Trainee: 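Structure below; questions to follow.
Remember, it's a predicted structure, so these values are computed and weren't measured experimentally. Residue numbers begin at 1 in each chain, while the letters A, B, ... track the order of the sequences.
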There are 2 protein chains.
Amino acid sequence: MSTELSPRATEIADHTKQLLAAGGYHGFSYADVSKRVHIGKPSIHHHFPSKADLVLAVVARHREQTRDGLAALDQHFEDPLARLTAYTDYWAECIREGTSPMCICAMLAAESPMVPADIADQVRAYFQDLTAWLVTVLERGQATGQFRFSGTASVEAQTFMSMVHGAMLTARALNDAESFQAISRTAIRQLSVPT
Amino acid sequence: MSTELSPRATEIADHTKQLLAAGGYHGFSYADVSKRVHIGKPSIHHHFPSKADLVLAVVARHREQTRDGLAALDQHFEDPLARLTAYTDYWAECIREGTSPMCICAMLAAESPMVPADIADQVRAYFQDLTAWLVTVLERGQATGQFRFSGTASVEAQTFMSMVHGAMLTARALNDAESFQAISRTAIRQLSVPT
DNA sequence: AGGTGTCAATCTACTAGTTGGTCGGCTGGG
DNA sequence: CCCAGCCGACCAACTAGTAGATTGACACCT
């Protein structure tokens, strides 16, 4: 099911993900990747024929990792509020530590008019996956009476997702990793029924 | 005060802004600009010595335009809720019509680690300007009893701003301009006291 | 056990095209 | 005369991508 990648290919994909998070599709080159992996430039073409192939593989991996991560999160937490908080806390740590300081799909969404179409399709699918998960969390929270919102769960989920991705932009613009956490907490509080 | 630009320089800046909105700093070249303005590539260097100069000028212009736009909006509307709605409606139309389908500062914020430092500084200033304006609107709305929120006005403003920029990403990713409007309305509703 | 074919992985050397940027000269209007 | 505006020609560096040769590990057959 999940496309198996050789160890080297995995290494290349991981470094590409970092470069992608830093500067987007047009912000890195094969030379950048080859320098980081300590490998010749043509060797990268051996593993991933074209740049589009490489980035596509990275995005596909990111979708899998996200799907697995959310599933694991669902197993650890029953409570909808705890799930939502765990999700934003995960990103807060990524941003604070500097490991993946930004979601690559948010990055590619911004560039989406200037990116190969099949990559844009994967990015759209990621946004739909994430929205779907948020819908289940929000609906469950509405059922337990922890969340209250007026619109459909779908639009409410899109709003929350937008806030998370926007908070990544804000944290970057202000060069202040902590603001992501503050913004996320506020967004969750807005959904929560006052205790 | 505002850096006067010659007609040609203005034309160049306007086209650059479009290209910037489409693909970000690394997503366009001098050749792209020269093709659109129907002018030689070196002529652009005559008006803006380097790419950094060009983009810096475009961002500075965008800051001015935003400042003027928000001031005009403040004059037209007294009501805080009306101001907030007018602000998101403005962007909703830009996105729907295709004129500036995305805020260039949101774009550059994403790329900010890979962009010349003085441009990143301007982008940060834009985010601070916008936050400051939102703070005044939110505080006024809190005073009139139209808005209710639990955190500080500053964090609440950052949250709203993040939601707007994130909604631009979502609209792009889903390739659905209408979703921006739906998300914005939801965000405003979350702030509003139920009537 | 020894030879042989296959194949992934890597390299050096190269391509054609693009990048941001420079230089010197041509124009037309004040 | 001067000077802003513009252009053709050029540059070094970089872009994604290719060609061809060299490794070394594994499998298969005798």
Trainee: Please determine whether a side-chain nitrogen of the Lys or Arg among A/D74 and A/R140 lies less than 4.0 Å from a carboxylate oxygen of the Asp or Glu.
Mentor: no
Trainee: For nucleotides 25-30 of chain C, read 5' to 3', which letter fits each nucleotide if B means a protein heavy atom sits under 4.0 Å from the base, S means only the sugar-phosphate is that close, and - means neither?
Mentor: ------
Trainee: How many whole angstroms separate atom CD1 of B/I12 from atom C1' of D/dC6?
Mentor: 11 Å
Trainee: Is there a donor-acceptor contact under 3.5 Å linking the side chains of A/E97 and A/T99?
Mentor: no
Trainee: Run the ring-centre check on B/H165 versus B/F127 and record whether the distance is less than 6.0 Å.
Mentor: yes
Trainee: For A/H47 and C/dC7, what is the distance between atoms NE2 and C1' respectively, to the nearest whole Å?
Mentor: 13 Å
Trainee: Could you check how far NZ of A/K51 sits from P of C/dT18, rounded to whole Å?
Mentor: 15 Å
Trainee: Atom CG of A/D53 to atom C1' of D/dA16: distance rounded to whole Å?
Mentor: 12 Å
Trainee: Answer yes or no: does a side-chain N or O of B/R8 lie under 4.0 Å from OP1 or OP2 of D/dC6?
Mentor: yes
Trainee: Taking only heavy atoms on the protein side, list every residue of residues 24-43 of chain B lying under 4.0 Å from any atom of DNA chain C, sorted numerically.
Mentor: B/F28, B/S29, B/Y30, B/A31, B/K41, B/P42
Trainee: Mark yes or no for whether A/S29, through its side chain, and A/A31, through its backbone, hold a donor-acceptor pair below 3.5 Å.
Mentor: yes
Trainee: Any carboxylate oxygen within less than 4.0 angstrom of a Lys/Arg side-chain nitrogen, looking at B/E93 and B/R96?
Mentor: no
Trainee: Answer yes when B/R185 and B/D89 have at least one side-chain N-carboxylate O distance shorter than 4.0 Å, and no when they do not.
Mentor: yes
Trainee: Round to the nearest Å and state the distance from B/H46 atom NE2 to D/dG5 atom P.
Mentor: 4 Å
Trainee: Using distance alone, with no hydrogens and no angle criterion, decide if A/S112 and B/R172 have a side-chain donor and acceptor under 3.5 Å apart.
Mentor: no
Trainee: Any donor-acceptor pair under 3.5 Å linking the side-chain atoms of B/S179 with those of B/T170?
Mentor: no
Trainee: Return the value, rounded to whole Å, for the distance between atom CD1 of B/I44 and atom P of D/dG8.
Mentor: 13 Å
Trainee: Please give, in whole Å, the distance from D/dG8 C1' to B/H45 NE2?
Mentor: 14 Å
Trainee: Cationic tip of B/K35 within the cone over B/Y30's six-membered ring, i.e. under 6.0 Å and within 45° of the normal?
Mentor: no
